[in-house]
Amino acid sequence: MQKCIELAKQAEGKTSPNPLVGCVITDEFDQIIATGYHKKYGDNHAERDALLKINTGDGDTLYVNLEPCSHYGKTPPCTDLIIEKGIKHVVIGMCDPNPLVNGIAQLRKAGIDVTVGVLEDECKKLNEVFIKNVTEQKTFIAIKTAATLDGKIATSNGSSKWITSPKARQHVYEIRNRYDAIMTSSNTIVADNPQMFHSRKIILDRKLKTSLNSDIYKQGEIFIFNELKDGVNNNLNFVKTPVKDGKISLEFVFNKLYELGIMSVLIECGSKLNGKALKYADKIYHFIAPKITGDNSAKSCFDYRKINKISECVNFKIENVEFYTPDILLIYYPIDKTS
Ligand code: AOF
Ligand code: ZN
């Protein structure tokens with residue numbers, strides 16, 4: 001199952017809105033005879049990719065991180081091919097939340113021995129975006145931030161180059177690649193003029209104050225949420241957006257992203273938008289550099305309110321700590337969404 005997950009991850013960023021799936025087939029001596037994975041949206045499912053590499057009767061056990069499909073979609077049901085190839089056991093990581101899929105029952109009906117729930121937590125993490133999309137019909141929202149040890153992302157005048165090391169910043173490219181789009185704000189564009197290379201970029205710019213000569217506009221399909229106009233101009237899509245309390249309505253933006261088929265988004269911006277987006281966030285990537293500003297007026301990661309008691313804090317569960325020496329990356333989830 002671990003190998004299925006590794007195979008599936010090779011297609012990170014390429015399968016949306018479909019899941020990441022890997023498959024391993026072993027013979028009666030437990031030797032791997034074929035592997036496969038879902039390489040990109042519209043391609044063969046992982047099971048088919050692996051099964052097409054074996055002769056009928058050669059395979060004994062098929063391992064797959066997601067319940068095999070039993071419906072006619074872009075490809076015929078994987079369950080049919082599993083049965084046809086004479087597989088005797090199927091080991092599944094997690095049930096498919098897609099209501100069209102009923103593979104476990106189909107396989108059992110055909111007399112195949114089915115085990116479900118192997119490395120289930122890891123399999124659910126792998127497809128956290130797909131699970132949210134299918135069960136809630138909503139876009140998965142991640143935030144990336146990079147701070148000092150005292151939780152600062154920029155000096156009081158907005159200077160932020162560079163808090164983290166090149167190694168950590170390199171890893172950000174890998175993280176971006178997993179998401180359908182990245183999102184930033186006009187304030188960040190004005191302060192940093194970042195390029196933020198990605199095929200789809202979301203910009204929140206209420207009054208259209210950013211210059212269209214900014215580096216971010218040079219590449220990619222771009223959606224600019226603003227209060228002034230709708231319309232399309234080459235790679236720029238203007239989306240007229242309602243304003244709430246003087247700010248672009250994030251509720252509207254996130255609903256619109258789902259309508260546009262953007263299944264996941266990585267937010268990379270400053271204190272204010274990070275703060276406002278926090279209540280929508282499904283996951284946070286938080287780099288920390290071993291530096292202290294010692295400056296109370298420097299900008300912090302999430303800035304959106306005043307509180308009096310520590311009991312009013314929002315709570316998270318830290319899932320993982322990775323080292324990009326000299327920096328670290330904390331990956332954490334809001335507790336009420338993961339529990
Ligand atoms: C995949 N790849 O390896 C597996 C999937 O749109 P279709 O016809 O390709 O069907 C997509 C559904 O099939 C998907 O939502 C999921 O429920 C199931 N399994 N999908 O794209 C795969 N095994
Ligand atoms: Zn399938």
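Just so you know, these numbers come straight off a predicted model, no measurement behind them. For ligands, and for the atoms within them, numbers begin at 1 and follow the listed sequence. For this chain, numbers begin at 1 and follow the sequence in order.
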List, one per line, each side-chain donor-acceptor pair under 3.5 Å for residues 75-87, sequence neighbours excluded.
| unit_1 | atom_1 | unit_2 | atom_2 | d |
| --- | --- | --- | --- | --- |
| Thr79 | OG1 | Cys69 | O | 3.4 |
| Lys85 | NZ | Leu51 | O | 3.4 |
| Lys85 | NZ | Ile54 | O | 2.7 |

By side chain to side chain donor-acceptor pair (under 3.5 Å), Asn44 pairs with (sequence neighbours left out) none

Give me the pairs of N or O atoms, one from ligand 1 and one from the protein, that sit under 3.5 Å apart.
| unit_1 | atom_1 | unit_2 | atom_2 | d |
| --- | --- | --- | --- | --- |
| ligand 1 | 2 (N) | His38 | ND1 | 3.3 |
| ligand 1 | 3 (O) | Ala46 | N | 2.8 |
| ligand 1 | 6 (O) | Lys74 | NZ | 2.6 |
| ligand 1 | 8 (O) | Lys74 | N | 2.5 |
| ligand 1 | 9 (O) | Asn18 | ND2 | 3.4 |
| ligand 1 | 9 (O) | His45 | NE2 | 2.7 |
| ligand 1 | 10 (O) | His45 | NE2 | 3.4 |
| ligand 1 | 15 (O) | Asn98 | ND2 | 3.2 |
| ligand 1 | 17 (O) | Asp96 | OD1 | 3.4 |
| ligand 1 | 17 (O) | Asp96 | OD2 | 2.4 |
| ligand 1 | 17 (O) | Asn98 | ND2 | 3.0 |
| ligand 1 | 20 (N) | His45 | NE2 | 3.4 |
| ligand 1 | 21 (O) | Asn18 | ND2 | 3.0 |
| ligand 1 | 21 (O) | His38 | NE2 | 3.1 |
| ligand 1 | 23 (N) | Glu47 | OE1 | 3.2 |
| ligand 1 | 23 (N) | Glu47 | OE2 | 3.4 |

Residues passing the side chain to side chain contact (heavy atoms under 4.5 Å, CB included) test with Lys299, sequence neighbours excluded, are Ile153, Ala154, Ser271

Say whether Thr164 and Asp327, considering side chains only, have a donor N or O and an acceptor N or O under 3.5 Å apart.
no

- Between Glu319 and Lys125, is the closest basic N to carboxylate O distance under 4.0 Å? yes

### Query
Taking atom types as modelled, is there a side-chain donor on Asn187 or Lys209 under 3.5 Å from an acceptor on the other?
yes

The atom of His45 among N, O or S that is nearest the Zn ion (ligand 2) is ND1

